[in-house]
Each structure stands twice: as C-alpha cells, then as structure tokens.
Amino acid sequence: MDDLNAVLRERLQKAEQMETDGVPLYPNGFSAPDPIDGIISGFGMKSATELEAAPHAFVVAGRIMALRSFGRSIFMHIQDPGGRLQIYVQQNQVSKECFSVVKRLDVGDIIRASGSLFRTKTDELTLLARELTLVTKSLRPLPEKYHGLKDIEIRLRQRYVDLIVHDSVREVFRKRAKIIQAIRDFLVERDFLEVETPMMQTIPGGATAKPFKTFHNALGIDLYLRIAPELYLKRLLVGGFERVFELNRNFRNEGISTQHNPEFTMLEFYQAYSTYEDLMQLTEELFAFVGAAVNGGELQIEYQGQIIDLSPPWRRYRLLDSLVDIGGIPRTALEDPAQTVEVARSLGVGAERFEGHGKLLTKIFDQVVEPQLIQPTFITHYPLEVSPLSRKNEAEPELTDRFELFIAGREMANGFSELNDPRDQRERFLAQLEAKQAGDEEAHEMDDDYIRALEYGMPPAAGEGIGIDRVVMLFTDCGSIRDVIPFPHQRPERKS
RNA sequence: GGGCCGUUAACUCAGUCGGUAGAGUAUCUGCCUUUUAAGCAGAGAGUCGCGCGUUCGAGUCGCGCACGGCCCA
C-alpha cells in the first residue's frame with residue numbers, strides 16, 4: 001500500500017479508529033450464513049402481510065454494493081455468490097454500538113446481518129437488521145457504481161475487482177465449471193478413465209507447436225511444458241486401458257490474442273476399437289449433452305449475433321471438396337502442386353520451401369474456408385503430410401482418417417483414427433525430422449520410446465482433442481478467450 | 001513483426017486555436033427514519049502513461065519508449 005491516495009488514506013484512518021474503538025476489522029470464526037438465493041426463492045413471492053404475519057429470521061453475509069444513509073436509518077445492498085439483498089438498519093432497532101459501526105461502513109465492506117424479512121414501501125424484499133457486524137474491512141473504493149469497470153486492462157489485471165462488480169463475469173465462470181463438469185460426466189458415463197500424464201516432457205510431442213522450455217536442476221536436463229498429452233495417453237492404450245481422457249492445460253509458445261492464450265485447456269480422449277467416424281458421432285452427442293447441461297437442452301444458440309444450430313447430424317466435407325465448394329477454388333488448381341503454390345501466393349499465405357502440397361492446402365483452407373464455417377462442420381480426409389500421427393486412409397493412402405470440427409469460424413476439435421503401425425510411425429517421424437531440418441520449427445520430434453511402445457502393440461483406436469476454452473466461448477457468447485480464462489496472460493505491469 | 005487508435009482524480013469521462021486542469025460517481029464535513037444511479041449544502045483530491053524536443057509557454061504539436069485495444073502477417 002505504498003501508492004496511497006487520499007481516498008485510501010482516509011479509509012485507512014477511519015478503519016484504524018474503528019479498531020481503536022474495539023471494532024475488529026478482520027474477525028473470523030463465523031458460522032455459515034443463509035444464502036441469499038435461497039431466501040429470494042423461498043420468500044421473493046410472499047406479500048408484505050404474509051411476511052408480517054409469520055416473521056422469518058435469517059443471518060446473511062455479503063459485500064456492501066450500495067449504501068444510502070438517512071442519518072437515523074440506512075439502506076444497503078449486499079451481494080453474496082447467489083444474489084443481492086437489501087438490508088435496512090434503523091437506529092432504534094439496533095444497539096448503540098452496532099449503529100455506530102453501521103454509520104461508518106463503506107461500500108465494499110463485507111458485513112453480516114441478522115433480522116427478519118419485510119417489504120418496503122416500494123415493495124422490495126428487505127431484511128430489517130437486529131444485529132449487524134463488520135466481517136471484513138475494505139480499504140479500496142470500488143469502481144463507479146453506474147458505469148462499472150470499463151478499462152479492459154484493469155479488468156484483467158485486477159480480475160477480482162471485475163468479478164466483484166460484474167455479475168455477467170461471474171456467470172461466465174460458473175458456466176465454464178458446469179460445461180467442464182458435463183464433459184467429465186459424459187465421458188465417465190461411457191466408461192472413460194480420467195488420467196493425468198506429464199505436463200513436463202523431455203520430448204514435446206503430440207502436436208505441431210513451439211514449446212516452452214525449462215530446466216530440471218537435479219536431473220540436469222531440459223524439460224518442455226507439454227504442447228499436448230497425446231503420446232502419453234496412447235501409451236496408456238498400449239498398457240491396456242481402452243478408454244482414457246485427460247482434461248487439463250497445454251502450453252504453446254505462441255502469440256497472445258483474442259483467440260490464443262499461452263496456456264489453454266484441452267480435452268483429449270482415446271477410445272480403442274473405434275474409428276474417427278465413431279468419434280464424429282460421439283462429438284455431436286457430447287455437444288448436445290453439454291447443451292442440455294448448461295442451456296436447458298436448447299441446441300440453437302446465439303453466438304456473437306449469429307444463430308448456431310448444434311442439432312446433429314453436422315455437415316461433413318472432405319478438405320479438398322470444401323476448398324472447391326466453399327472456397328471457390330478450381331479443383332484442377334488444387335490437384336496440381338505447382339498451381340497450388342500459385343494459389344497460396346495469390347492469397348498471401350506464402351509457401352515456404354519445407355511446405356509441401358498438403359501443407360499448402362491446409363493453409364489455403366485456413367484462409368478462405370475456415371472463417372466461413374459458422375455452422376458446425378466436420379472437415380475430413382486431411383493430407384498425410386500434416387497428420388503425422390493419423391492412420392492412413394486405406395483407399396487413398398495420401399490422405400488420413402482424420403477430421404477437424406469447425407464452429408463459428410474456429411477450429412473446435414481435431415480427431416483421427418490412430419496410427420498404430422510402428423514401422424509407419426517411424427517413417428512419419430523421419431519425414432518430420434526432414435521438415436525440421438528444412439526449417440519447419442513446429443515439426444514433430446522423433447520419439448523413440450513412443451515407437452517402442454507401439455512395437456508392443458496398441459489396439460486400433462481413435463482419439464480426439466477438443467479446445468475447451470473455445471467450447472466455453474461458444475456457450476457463453478464470449479468473443480475473446482480472455483473472457484473465459486480468469487487470469488489470462490498479459491505483459492507484466494511496470495512500476496513507474 | 002507491421003499499421004491505426006487509446007492512456008487526464010480511486011472509477012466513468014470532458015478538455016475549443018498551445019495560455020494557471022474540469023464534471024459525475026467515490027471520499028470527507030453538516031442535514032435527513034422507506035431509499036434504491038437517494039437528495040440538499042460545503043470541502044479535499046492530479047507525476048495529464050514515461051522521456052526528450054519545439055516554444056516565452058505543452059494535457060494539447062513532433063520524436064522515442066511502455067502498456068493496452070483493433071486490424072493485418
């Protein structure tokens with residue numbers, strides 16, 4: 001508190017005077033109060049005469065959000081996790097000591113009050129206090145009551161204030177918890193086992209992305225924060241678990257934007273004896289299940305002004321077909337590698353030396369098709385080149401049994417039939433190493449132990465990753481990933 | 001990484017042509033026993049993001065930096 005301004009100084013002085021007068025500022029040992037939402041749902045419909053005929057006593061606690069003083073009586077609104085309730089204190093209804101405390105309360109203080117319910121002249125359900133105690137003194141003024149806190153930088157750096165002031169922000173994080181719980185319930189119901197695999201890995205694998213690097217002192221080795229749990233989850237399939245999932249953080253050393261946070265939450269699950277086609281259906285069921293849990297089963301949801309219909313079945317396109325039908329690019333141009341380079345260049349997405357035909361197709365897709373996929377759409381048949389861990393398509397071995405799911409113009413999920421032939425997997429890793437040497441920083445590393453695991457035999461399986469933050473954005477109508485992560489990363493504040 | 005925009009009291013925002021910094025909320029003092037963006041009267045509160053420059057004089061003009069936002073890569 002070295003940056004004390006006048007308001008803070010005055011509050012601190014006033015608080016210390018209260019303490020001197022025998023009013024503890026930070027007492028503890030209270031019993032749990034009655035939740036406000038329970039009081040409102042139980043008595044919100046009762047009339048003034050009903051409340052008068054049968055008085056109900058309650059103990060409530062919460063933060064003072066508004067305070068209106070009339071000299072010998074005071075109104076305040078307190079807020080607890082479930083809602084707001086008005087408290088009315090009259091001088092002749094409480095002890096002298098109590099009223100002297102009440103007179104010195106500030107907006108932001110946490111208090112506890114006991115009394116009975118009544119209705120005011122304006123018919124608002126209100127607790128007439130018989131007793132009121134200060135629970136926690138607040139020294140900093142809350143943001144302006146009418147406009148709230150608008151400065152996005154402060155809202156994120158001091159999320160605690162954002163949460164105090166904005167019901168809608170608290171609601172997003174409640175909904176986030178419900179969504180994640182629903183996903184766990186869905187998987188557990190289907191006999192998936194939740195597991196935890198290393199966040200720190202010696203070989204960062206399972207995705208194409210740049211990792212964060214750290215160092216383990218005792219072992220004297222570099223470790224990487226995982227970019228994906230994939231290869232460990234599949235080792236568990238080798239070990240004999242047939243259905244596993246992990247729902248936790250991944251870390252990717254990339255830029256920060258409204259769509260990317262360096263650490264983000266990912267669900268990955270693997271199911272033996274099934275294919276990517278089974279998983280597309282499972283994904284449709286999963287979204288319907290989540291919709292039921294958080295949206296009352298409504299599958300038409302409004303997102304950023306658009307209506308998105310999650311009712312299955314969802315549209316399916318082969319990648320190449322989507323480039324032709326949705327992207328409007330001639331099929332002949334896409335089937336000829338030389339012409340594809342020209343298409344990529346004309347779209348300004350470049351064409352690096354290490355990028356082959358398949359990679360360019362996906363870059364063109366990202367540019368011209370992805371933003372247009374507003375309604376849920378599965379894109380299938382990804383090129384082998386960009387799918388080093390996916391099973392080859394038996395009919396067309398240049399393609400893989402893989403899909404990605406797009407909703408609202410964003411990738412939401414990526415799934416495929418798993419490559420379980422160790423000989424093929426080794427070749428794929430070798431191809432990745434070549435790309436790496438040619439300059440592709442995101443190319444996959446060789447993982448000899450993973451090959452060894454496959455050599456013991458992994459049952460045929462399909463696996464999928466779903467970006468949880470994006471799912472939460474969809475169901476909470478949030479446009480930025482920062483809106484659904486309580487403490488998103490930012491450059492550190494600089495003390496001037 | 002590039003372009004554009006922003007940064008003024010604790011919060012939300014004004015600030016004209018370059019001429020001593022403004023409002024509302026919040027805070028403090030006084031009045032007020034059914035208010036709810038309570039009201040009335042008064043008071044205090046500022047490193048105008050940071051630095052350099054132009055100028056008699058810079059919140060305002062120029063350059064650089066920091067942080068943030070939007071768009072592009």
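Protein chains get the first letters and strands the later ones, always in sequence-line order, with residue 1 at the start of each.
- The phosphate of B/C13 has OP1 or OP2 within less than 4.0 Å of a side-chain N or O from A/K150.
- A side-chain donor-acceptor contact under 3.5 Å links A/D21 and A/Q17.
- Of the candidates A/L405, A/D309, A/T377, A/L405 is the only one forming a side chain to side chain contact (heavy atoms under 4.5 Å, CB included) with A/W314.
- Both A/D123 and A/R157 lie near RNA chain B, and the one whose nearest nucleotide falls closer to the 5' end is A/D123.
- Here the separation of B/U25 from B/G51, taken at their C1' atoms, is 33 Å to the nearest Å.
- Scanning for ring-ring contact (aromatic ring centres under 6.0 Å, His included) contacts around A/F58 gives A/F43, with sequence neighbours left out.
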*Do nucleotides 24-32 of chain B as a string where each nucleotide becomes B, S or -: B if the base has a protein heavy atom under 4.0 Å, S if just the sugar-phosphate does, - if no protein is that close.*
BBSSS---B

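- As rounded to the nearest Å, B/G15 and B/A9 have C1' atoms that lie 14 Å from one another.
- In summary, the side chains of A/T283 and A/E464 do present a donor paired with an acceptor at a separation below 3.5 Å, with no hydrogens or angles considered.
- The same atom, P, is picked in B/U27 and in B/G6; the two are 33 Å apart, to the nearest Å.
- Using a 4.0 Å cut-off between a side-chain N of Lys or Arg and a carboxylate O of Asp or Glu, A/D366 and A/K363 do not qualify as a salt bridge.
- The P atoms of B/U55 and B/U60 are separated by 16 Å, rounded to the nearest whole Å.
- Taking the C1' atom of each, B/C70 and B/A10 are spaced 28 Å apart, rounded to whole Å.
- Side-chain contact check for A/E442 and A/T208: no donor-acceptor pair (N or O, by modelled atom type) lies under 3.5 Å.
- Between A/A66 and A/G148, the residue anchored closer to the 5' end of RNA chain B is A/G148, taking for each the nucleotide with the nearest heavy atom.
- Taking atom CD of A/Q90 as the reference point, atom P of B/U34 lies 8 Å away to the nearest angstrom.
- As judged by a 4.0 angstrom heavy-atom cut-off over every strand, A/N92 is placed among the base-contacting residues.
- Atom OH in A/Y160 sits about 15 Å away from atom P in B/A10, given to the nearest Å.
- The distance between the ring centers of A/F251 and A/F212 does not fall below 6.0 angstrom.
- Take A/R84 and apply the salt bridge (charged side-chain N to carboxylate O under 4.0 Å, His left out) test, not counting sequence neighbours, and it matches no residue.
- For the ring pair (Phe, Tyr, Trp, His ring centres under 6.0 Å) condition, no pair includes a residue of residues 316-362 of chain A, sequence neighbours left out.
- Rounded to whole Å, the distance from NE2 on A/H77 to P on B/A38 is 10 Å.
- Qualifying ring-ring contact (aromatic ring centres under 6.0 Å, His included) partners for A/Y276, counting only residues two or more places apart in sequence or in other chains: none.
- Taking only distance into account, the side chain of A/E124 never meets the base of B/U34 through a donor-acceptor pair shorter than 3.5 Å.
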Using nucleotides 71-73 of chain B, report all nitrogen or oxygen pairs with the protein that are shorter than 3.5 Å.
none

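- With sequence neighbours excluded, no residue satisfies salt bridge (charged side-chain N to carboxylate O under 4.0 Å, His left out) with A/R63.
- Across B/G24 and B/G62, the matching P atoms stand 32 Å from one another, rounded to whole Å.
- If you check distances only, the side chain of A/S73 never reaches the base of B/U34 with a donor-acceptor pair under 3.5 Å.
- Nucleotides B/G18 and B/G59 have their C1' atoms positioned 10 Å apart, rounded to a whole Å.
- Inspection of the A/Q86 and A/Y88 side chains reveals no N or O donor paired with an N or O acceptor under 3.5 Å.
- Taking side-chain N and O atoms only, A/R68 has a distance below 4.0 Å to OP1 or OP2 of B/A38.
- Listed candidates were B/G68, B/C11, B/U35. Nearest to the side chain of A/Q490 is B/G68.
- Nucleotides B/A37 and B/C11 place their C1' atoms 14 Å apart, quoted to the nearest Å.
- Within the 4.0 angstrom heavy-atom criterion, no nucleotide atom of any strand lies near A/R84.
- Atom CD1 of A/I152 and atom P of B/C11 are 15 Å apart (whole Å).
- Among the heavy atoms of the strands lying under 4.0 Å from A/F118 is at least one base atom, whether or not backbone atoms are also near.
- Remark: A/E445 engages A/K436 in a side chain to side chain donor-acceptor pair (under 3.5 Å) (not counting sequence neighbours).
- Nearest nucleotide to the A/Y88 side chain, out of B/C67, B/U34, B/C11: B/U34.
- At a cut-off of 3.5 angstrom, counting only N and O atoms as typed in the model, there is no donor on one side facing an acceptor on the other between the side-chain of A/Q91 and the base of B/U33.
- Counting non-hydrogen atoms under 4.0 angstrom, A/R482 reaches the backbone sugars and phosphates but no base.
- Looking at RNA chain B, the stems built from 3 or more consecutive Watson-Crick or G-U wobble pairs, each pair with its key distances under 3.5 Å, are B:1-7 with B:66-72, B:10-13 with B:22-25, B:27-31 with B:39-43, B:49-53 with B:61-65.
- Applying the 4.0 Å criterion to OP1 and OP2 of B/A10, one finds that A/R9 has every side-chain N and O outside that range.
- Partners of A/R68 according to the salt bridge (charged side-chain N to carboxylate O under 4.0 Å, His left out) rule, which considers only residues two or more places apart in sequence or in another chain, do not exist here.
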Within the sub-3.5 Å range, which N or O atoms of nucleotides 1-3 of chain B have a protein N or O partner, and how far apart are they?
none

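- The salt bridge (charged side-chain N to carboxylate O under 4.0 Å, His left out) test applied to A/D469 returns A/R176, not counting sequence neighbours.
- Under 3.5 Å, the side chains of A/S387 and A/R402 contain a donor-acceptor pair of N or O atoms.
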